[in-house]
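Please read these numbers as outputs of a predicted model, since none were measured by experiment.
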Amino acid sequence: MAQLRHITKAQADAEAAKPIQLNRTDPVGGCETSKAPYFCEYVKYDMLNILSDGKYWQLKPKQQQTVVNKLNRGGYTIRTTLDMDDQRAVDRALRGTVAPGGNRVGAEAMVEPGTGKVRAIGLSKRYGAGKGRTTINLPADSAHGGGSGVSAGSTFKVFTLAAAIDQGIPVSTTINSPQTTTVSGFQPCRYTGTFDGKKVKNAMVGGGPWTLSNAGDSEKGNFNLKTGTWHSVNTFYAVLEKRVGVCNAVKMAEKFGMKQATGDPLMPIASQVLGVNDIDMVHLAAAYAGFAARGKYCAPSRSPRSSTPRARSSSSPSRTATRPSTRTSPTR
């Protein structure tokens, strides 16, 4: 500028002596600009898996980055199962109940019964960097950008209930359920996966006695399969699980697609009926959609097809539909 006489040499020297200040502008793109960012993140990991022939999480970091770069170059047409009306409803429900900037987090996934199509994935916190936001897809499992999952809680009682009905235990069966009880005689189950922080293979785990309590003093007395479920009575379900068998209850949950959010199989221990396994919202929603479809379980499906500019199509992991039992539909 001094050479072109826009400023004097003295002005140029004075400016050159000043430290360089970086006027940084962070790029904004990808799922952060999406109206359904958590659904977008979920599908992104589906695409990374497709582009790596299903081996994304087995690749080394540099190889993973190559796959990410391939996706970021663009040129793909991705057709998903997202329904924006459902997504907006999920976002309104979550953020109307749990403050987006608060310490608590609400998560939800919506799965269509009978098809397994994922219609919406949401979180009370807004997506992105900065205070009160997050880029962790908390409703998802680890393979889709989520964490290690959340405790399933009493949502897992339904699988023991389904196993009981499958075994022909009458709905009218009554069980005395005190406020606190110890149930003995649980049998161990064979397990391959991570247990107590260690990798095990075909090991016998669980079994023995289990002492537990109900959530409140009012939850005690005699309950049958209907009333014990309505009131979500812990001690009732502990005894019912003993009759059904922990192994059978866990197998029923697995028939409805349940596993730990880390990808490990469910831990077959007595307290699983109260949801000690950490799971993700998408697979839990798909499992409950199976009950809504009268026992027809369909694995969650997000992005049925993607295509390159050359019209070469790729399919996401196949969706399967099964009927875990002909007797798991609601009893009238």
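- Under the 6.0 Å cut-off for aromatic ring centres, F159 and F156 qualify, their centroids lying closer than that.
- Counting all heavy atoms, side chain and backbone alike, V118 lies closest to P300 at CG2-CB, 3.8 Å.
- Atom CZ in F39 sits 5.0 Å away from atom CG in L82 (nearest 0.5 Å).
- Qualifying side chain to side chain donor-acceptor pair (under 3.5 Å) partners for D278, counting only residues two or more places apart in sequence or in other chains: none.
- Counted by atom type alone, D264 and T194 present one or more donor-acceptor pairs between their side chains at under 3.5 Å.
- In terms of the ring-ring contact (aromatic ring centres under 6.0 Å, His included) criterion, F236 has no residue partners (sequence neighbours excluded).
- The disulfide (SG to SG under 2.5 Å) analysis of residues 79-153, with sequence neighbours excluded, yields no pairs.
- Put simply, OG1 on T235 and CD1 on I175 are 9.0 Å apart, with the number rounded to the nearest 0.5 Å.
- D91 and Q87 share a side-chain donor-acceptor pair at under 3.5 Å.
- By the side chain to side chain donor-acceptor pair (under 3.5 Å) test, T182 pairs with T211, sequence neighbours left out.
- Proximity of the aromatic rings of F291 and F256 is defined here by a centroid distance below 6.0 angstrom, and this criterion is met.
- With rounding to the nearest 0.5 angstrom, the NZ atom of K259 is 8.0 Å from the CG atom of D280.
- Every residue was checked against the side chain to side chain donor-acceptor pair (under 3.5 Å) condition with T174, not counting sequence neighbours, and none meets it.
- For residues 239-249, the set of pairs meeting the salt bridge (charged side-chain N to carboxylate O under 4.0 Å, His left out) definition, not counting sequence neighbours, is empty.
- Within the hydrophobic cluster formed by Ile, Leu, Val, Met, Phe, Trp and Tyr side chains joined at under 4.5 Å, directly or through other members, M110 is accompanied by V90, L94.
- We find the CZ-OG1 distance between R104 and T97 to be 12.5 Å, quoted to the nearest 0.5 Å.
- Counting only residues at least two apart or on different chains, the ring pair (Phe, Tyr, Trp, His ring centres under 6.0 Å) pairs with a member in residues 46-66 are Y45-W57.
- Contact check for L212 versus S271: no side-chain heavy atoms found under the 4.5 Å cut-off.
- Going from atom OH of Y127 over to atom OG of S34 covers 9.5 Å, rounded to the nearest 0.5 Å.
- A side-chain donor from one of Y237 and T229 sits under 3.5 Å from a side-chain acceptor of the other.
- For S148, there are no side chain to side chain donor-acceptor pair (under 3.5 Å) partners, not counting sequence neighbours.
- The pair K251-E254 does not count as a salt bridge, with every side-chain nitrogen at least 4.0 angstrom from each carboxylate oxygen.
- Shown here are the ring-ring contact (aromatic ring centres under 6.0 Å, His included) partners of Y191, two or more places apart in sequence or in another chain: there are none.
- Pairs engaging residues 119-148 under the salt bridge (charged side-chain N to carboxylate O under 4.0 Å, His left out) rule: E112-R119 [sequence neighbours left out].
- S154 and K157 share a side-chain donor-acceptor pair at under 3.5 Å.
- Listed by chain and number, the residues in a salt bridge (Lys or Arg N to Asp or Glu O under 4.0 Å) with D53 amount to none (sequence neighbours excluded).
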